[in-house]
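Note that these values count all heavy atoms, side chains included, but never hydrogens, waters or copies made by symmetry. Convention: sequence-line order gives letters A, B, ...; per-chain numbering from 1.
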2 protein chains.
Amino acid sequence: MKIDPNNPADLSAQIASAIRDAIVAGDLIVDARLPSEAELAEQFQVSRATVREGLKRLAAQSLIRTQRGASGGAFVNRLSFEDAYSQQVTTSTLLLSMNAVSFDTACEARYALERACAPLSAARRSADQLATMRAEIFRQGQPGLTDEAFCASDVAFHRALVDSAHNPVLSYQLAGAVEAMQPLMNMITFTARDRQTILALHSRIADAIETGSGSDAVAGLAALEEETRKLARDVFTRRRTKA
Amino acid sequence: MKIDPNNPADLSAQIASAIRDAIVAGDLIVDARLPSEAELAEQFQVSRATVREGLKRLAAQSLIRTQRGASGGAFVNRLSFEDAYSQQVTTSTLLLSMNAVSFDTACEARYALERACAPLSAARRSADQLATMRAEIFRQGQPGLTDEAFCASDVAFHRALVDSAHNPVLSYQLAGAVEAMQPLMNMITFTARDRQTILALHSRIADAIETGSGSDAVAGLAALEEETRKLARDVFTRRRTKA
DNA sequence: GAAATTTTATTTGTCAGACATTTAAAAGTC
DNA sequence: GACTTTTAAATGTCTGACAAATAAAATTTC
């Protein structure tokens, strides 16, 4: 692990990079202890403050964890799917909001990916996840539910659908696509009739998952995508005429 | 933006969290300038070093950028798809290698997601991306290509396929799934006959994309998944009998 | 001799102050 | 008015110090 001493700025980034590369390359395995900050400072010929800034960068990506005290230090962290989920959701949310991604583009991506899951979900769903889906459908039918709560329940329903595929890699990749759309969905006002329509489609999808029919689930998702886009179109045309 | 002064450890993480929340909530918009480090130190009642550690955490996630000099400072960064790609690839790669994800699980996720892209790619592919796919197929047929170069070309081919959908959200989500598999694929030794088989399937997929037939592309991808899994199975059984 | 307690050493977390470097704006010069 | 010089503000880095946590070693107690 070496850094470039000719570039006296950005030292902390270089240090982070060097250590990150060592982790990715497998030179530092999970739970391995890094040298102490003082030792790293000597190795890289920089001050302890600079080393610390570099380590904080790695901590922000959950690549290391630190522990105080004797025999403490910085340890290579086992990157858990859970840790990765939340980062993925934050990143995806900001990507959508900062890059003016259209509702249609985000929606298309989300449903294309969900349809990819559906056949696997139908084949493997556990009773637990099916129960979650049914429970969320029930919640969505409750009167007096705010639009935001309705959207949150919608996300929970789709999460259960995705998780039914029992493939953590798929769940991880989809977490971003599904949850990042929530702020966009929150802009929609759902009338009682809108909710009924969505609820019926959710039931249709849940039924397909229960009976193990992947193609029915895919068809249900396609119909749901259609409906979602229609609602969004209505919102935007209404906004435009109002403004 | 407030932090908890009762918890005198983890201050830099709290500061990062507070600022990150402000960005996600939209209180700090793109290109907004944060207060100077000295001002933040006073606001949060901590030292400048602690503020800096917090800011480095945000920089590691590409949420802010810094600029030296008068009228410099920390600015909210527009999170670009490009920045997000590389983070996504690093994270996905580590997730697979650190969590003992099986080849089959990763492969299943990857091809399920790619098949989700295929119909869109067939409908929208540009001449440019088709040319890239053809060029990579040609490269894959060259004699004397190392296995690693073959894998790299394979990734480039699939990237072009995914990008053909012209949906940046899809491209972003898939970057991780496709590229993170490269280390796994690198464990495979490709015989001349293996390469011919893969090449033929790639041609079949490219043809389908060219003629705009999504279903043919999906079928080609399914066949390619089958072939990939078979090769991996062979490697692992050979390893096992050898060991 | 074993258990409980105290001490010690190590390591991270934070702070304060200093200087170097970069950079844009202000001031000065021709 | 255009060019040069100065100045001020900001980040980047360094040094040295102390606080707090923690495990191991040393000591005391029974």
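With sequence neighbours left out, the side-chain hydrogen bond (donor to acceptor under 3.5 Å, both in side chains) criterion links A:Ser102 to A:Thr105. For A:Phe150, the ring pair (Phe, Tyr, Trp, His ring centres under 6.0 Å) partners are A:Phe190, not counting sequence neighbours. For B:Glu37, the salt bridge (charged side-chain N to carboxylate O under 4.0 Å, His left out) test picks out B:Arg48, B:Arg52, with sequence neighbours left out. The side-chain hydrogen bond (donor to acceptor under 3.5 Å, both in side chains) check on B:Thr132 picks up nothing, with sequence neighbours excluded.
Nearest to the side chain of A:Leu11, among D:dC14, C:dT12, C:dT14, sits D:dC14. Ranking C:dG13, D:dC14, D:dT13 by closeness to the A:Lys56 side chain, first place goes to C:dG13. Each of C:dG13, C:dC15, C:dT14 was ranked by its minimum atom distance to the side chain of B:Ser12; first place goes to C:dT14. Proximity note for A:Ala49 (side chain, C-beta onward) versus D:dT11, D:dC14, C:dT12: the nearest is D:dC14.
With the nearest nucleotide of DNA chain D identified for both A:Gln67 and A:Ser47, A:Ser47 has the one nearer the 5' end. Checking B:Thr50 against A:Glu37, the closest nucleotide of DNA chain C that is more toward the 5' end is the one next to A:Glu37.
Nearest heavy-atom pair, A:Ile29 versus A:Gly26, reported as atom, atom and distance to 0.1 Å: CG2-O, 3.7 Å.
Between the C1' atom of D:dG12 and the CD1 atom of B:Ile64 lies a distance of 14 Å, rounded to the nearest Å. Taking atom CG of B:Asp10 as the reference point, atom C1' of D:dA19 lies 16 Å away to the nearest angstrom. Distance B:Leu40 CG to C:dC15 C1': 17 Å, rounded to the nearest Å. The distance from atom CZ of B:Arg68 to atom C1' of C:dC19 is 12 Å, rounded to the nearest whole Å. In this entry the distance linking CZ of B:Phe75 with P of C:dA24 reads 10 Å, nearest Å. Across the protein-nucleic acid pair, A:Gln45 atom CD and D:dC14 atom P stand 10 Å apart, rounded to whole Å. Distance CG (B:Leu55) to C1' (D:dA10): 13 Å, rounded to an integer number of Å. Rounded to whole Å, the distance from CD1 on A:Ile15 to P on D:dC14 is 8 Å.
Only one option out of B:Met187, B:Met181, B:Arg233 pairs with B:Phe103 in a side-chain contact (heavy atoms from CB on, under 4.5 Å); it is B:Met181.
Between B:Arg52 and the phosphate of D:dT11, there is no side-chain N or O to OP1/OP2 separation shorter than 4.0 Å.
Recorded end-axis angle for the helix from C:dG1-D:dC30 to C:dC30-D:dG1 stands at 20°, based on five pairs per end and rounded to 10 degrees.
Annotation: the span from B:Gln87 atom CD to A:Thr91 atom OG1 amounts to 5.5 Å, rounded to 0.5 Å.
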*Between A:His158 and A:Glu136, is a side chain to side chain contact (heavy atoms under 4.5 Å, CB included) present by the stated rule, with each step listed?*
CA-CA 10 Å; A:His158 286 277; A:Glu136 295 299 339; over 6 Å; no

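Looking at B:Asn99, its side chain does come within 3.5 Å of a backbone N or O of A:Leu79 through a donor-acceptor pair.
A salt bridge links A:Arg65 and A:Asp31; the closest N-O separation between the charged side-chain nitrogens and carboxylate oxygens is under 4.0 Å.
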Close N/O contacts between protein and nucleotides 6-10 of chain C (under 3.5 Å):
unit_1: C:dT10; atom_1: O2; unit_2: A:Ala70; atom_2: N; d: 2.9

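Contact of B:Arg48 with D:dG12 (side chain to base): a donor-acceptor pair of N or O atoms is detected under 3.5 Å.
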